[in-house]
Amino acid sequence: MQVLQSLVSKEVLDVCNREIDSYLKQRLWSLSNTTWGSSLHEGISGTCMAAAPSNLTCIKIRASILKHLPDSKELNLNYHYWNKHSGINWHTDEGHVFGATLYLNDWDKRWGGLFLWEDKNKEIHGVCPKAGTLIINTEYEDHSVTQVSSLAKYPRRSIQIWGK
């Protein structure tokens, strides 16, 4: 797992967050409990909402991070809006060249929603989301997101990126 901090400018983060805010008023979202495999959300009572960024936003995101990503023929991007009690069970990103997460807002560790992964030595590592941080998974390491607490002051926001 590779963790790159402060990778994306505040301007690009603001564009993404404004777009998410505008999407919340529209019916553009899919839900984790209806579109993810059941093993990914089993035992998790909340839902993560997903929607595709606009083409213009995708161009801005790609320009900010492309040089840090492994080569792939195609990139697939989705906003993830993590509501209270949402999370994702342990899984790998097998079937993709890589999986990556770009955090769009800062987070408090007391709110849950921590990114965990297990390395080849079976050691567990964790990251508390911070706006502009990119995590890249090229080794198909097992990873998860802990459930977002009911104490969270706002939803956790990220962009999921898959290389195909």
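Just so it is clear, the model here is predicted, and its values are computed rather than measured.
The backbone N or O of Arg110 sits less than 3.5 Å from a side-chain atom of Asp108, completing a donor-acceptor pair. Looking at Thr146, its side chain does come within 3.5 Å of a backbone N or O of Gly113 through a donor-acceptor pair. Looking only at distances, no side-chain donor or acceptor of Arg156 sits under 3.5 Å from a matching main-chain atom of Trp107. No donor-acceptor distance shorter than 3.5 angstrom exists from the side chain of Tyr140 to the backbone of Gly95, with no hydrogens or angles considered. For the pair His143 (side chain) and His91 (backbone), a donor-acceptor distance under 3.5 Å is present. Under the 3.5 Å distance criterion, the side-chain polar atoms of Asn33 are left unmatched by any main-chain donor or acceptor of Thr47.
Ring geometry, Tyr23 versus Trp29: the interplanar angle exceeds 60°, so the pair is classed perpendicular (tilted spans 30 to 60°). Using the six-membered ring where Trp is involved, Trp111 and Tyr154 have ring planes that are perpendicular, over 60° apart on the 30 and 60° scheme.
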Check residues 124-134 and write down every donor-acceptor pair under 3.5 Å in which the side-chain atom is one partner and the other belongs to a residue at least two apart or another chain.
residue: His125; atom: NE2; partner: Asp119; partner atom: OD2; Å: 2.7
residue: Thr133; atom: OG1; partner: Lys130; partner atom: O; Å: 3.2

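The two residues Leu114 and Lys109 come nearest to each other via the heavy atoms CD2-CA, 4.0 Å. Contact detail for Glu19 and Pro53: the closest heavy-atom pair is OE1-CA, 3.5 Å. Here the shortest heavy-atom pairing between Phe98 and Ser72 reads CE2-OG, 3.8 Å. Scanning all heavy atoms of the two residues, the minimum distance from Cys16 to Ile159 falls at SG-CD1, 3.8 Å. Considering all non-hydrogen atoms of both residues, Lys164 and Val97 come closest at C-CG2, 3.7 Å. Of all heavy-atom pairs spanning Met1 and Glu141, the tightest one is N-OE1, 2.5 Å.
The local environment of CD in Gln26 is crowded, with over 12 non-hydrogen atoms from other residues, nucleotides or ligands closer than 6.0 Å. For CG of Asp21, the number of neighbouring non-hydrogen atoms (other residues, nucleotides, ligands) closer than 6.0 Å is greater than 12.
Atoms OG and CG, from Ser22 and Leu28 in turn, are 8.0 Å apart once rounded to the nearest 0.5 Å. Taking CG of Asn17 as the reference point, atom NZ of Lys10 lies at 9.0 Å (rounded to 0.5 Å). Separating the CG atom in Leu4 from the CD1 atom in Ile136 is a distance of 5.0 Å, to the nearest 0.5 Å. Taking OG1 of Thr35 as the start and CE of Met49 as the end, the distance is 11.5 Å to the nearest 0.5 Å. To the nearest 0.5 angstrom, Ile135 atom CD1 is 9.0 Å from Gln5 atom CD. Atoms NE2 and OG, on His80 and Ser30 in that order, are 7.0 Å from each other to the nearest 0.5 Å.
With salt bridges taken as basic N to acidic carboxylate O contacts below 4.0 Å, none links Lys60 and Asp14.
A heavy-atom distance below 4.5 Å is not found between the side chains of Trp117 and Asn137. No side-chain heavy atom of Ser144 sits less than 4.5 Å from a side-chain heavy atom of Asn89. Two residues are said to be in side-chain contact when any heavy atoms from C-beta on lie closer than 4.5 Å; Ile61 and Val8 fail this criterion. By the 4.5 Å heavy-atom criterion applied to side chains, Thr101 and Val145 are not counted as neighbours. Inter-residue side-chain proximity for Thr57 and Tyr79 is flagged as met; some heavy-atom pair is nearer than 4.5 Å. Taking the side chain as every heavy atom from C-beta outward, Ile88 and Cys48 never approach each other to under 4.5 Å. Side-chain contact between Ser158 and Tyr103: present, with at least one pair of heavy atoms (C-beta onward) separated by less than 4.5 Å.
Both Leu104 and Leu24 belong to a single network of hydrophobic side chains, linked directly or stepwise wherever heavy atoms of I, L, V, M, F, W or Y lie under 4.5 Å apart. When hydrophobic clusters are built by joining Ile, Leu, Val, Met, Phe, Trp and Tyr residues whose side-chain heavy atoms come closer than 4.5 Å, directly or via intermediates, Leu77 is not grouped with Val15. At a threshold of 4.5 Å between side-chain heavy atoms, the hydrophobic network of Ile, Leu, Val, Met, Phe, Trp and Tyr places Tyr81 and Ile161 in one connected group. Hydrophobic clustering (side-chain heavy atoms under 4.5 Å, transitive across Ile, Leu, Val, Met, Phe, Trp, Tyr) keeps Leu56 apart from Val12. Follow the hydrophobic side-chain contacts under 4.5 Å out from Trp36 and you never reach Leu116; the two are in separate clusters.
When the salt bridge (charged side-chain N to carboxylate O under 4.0 Å, His left out) test is applied to Lys120, the partners found at least two apart in sequence or on another chain are Glu139.
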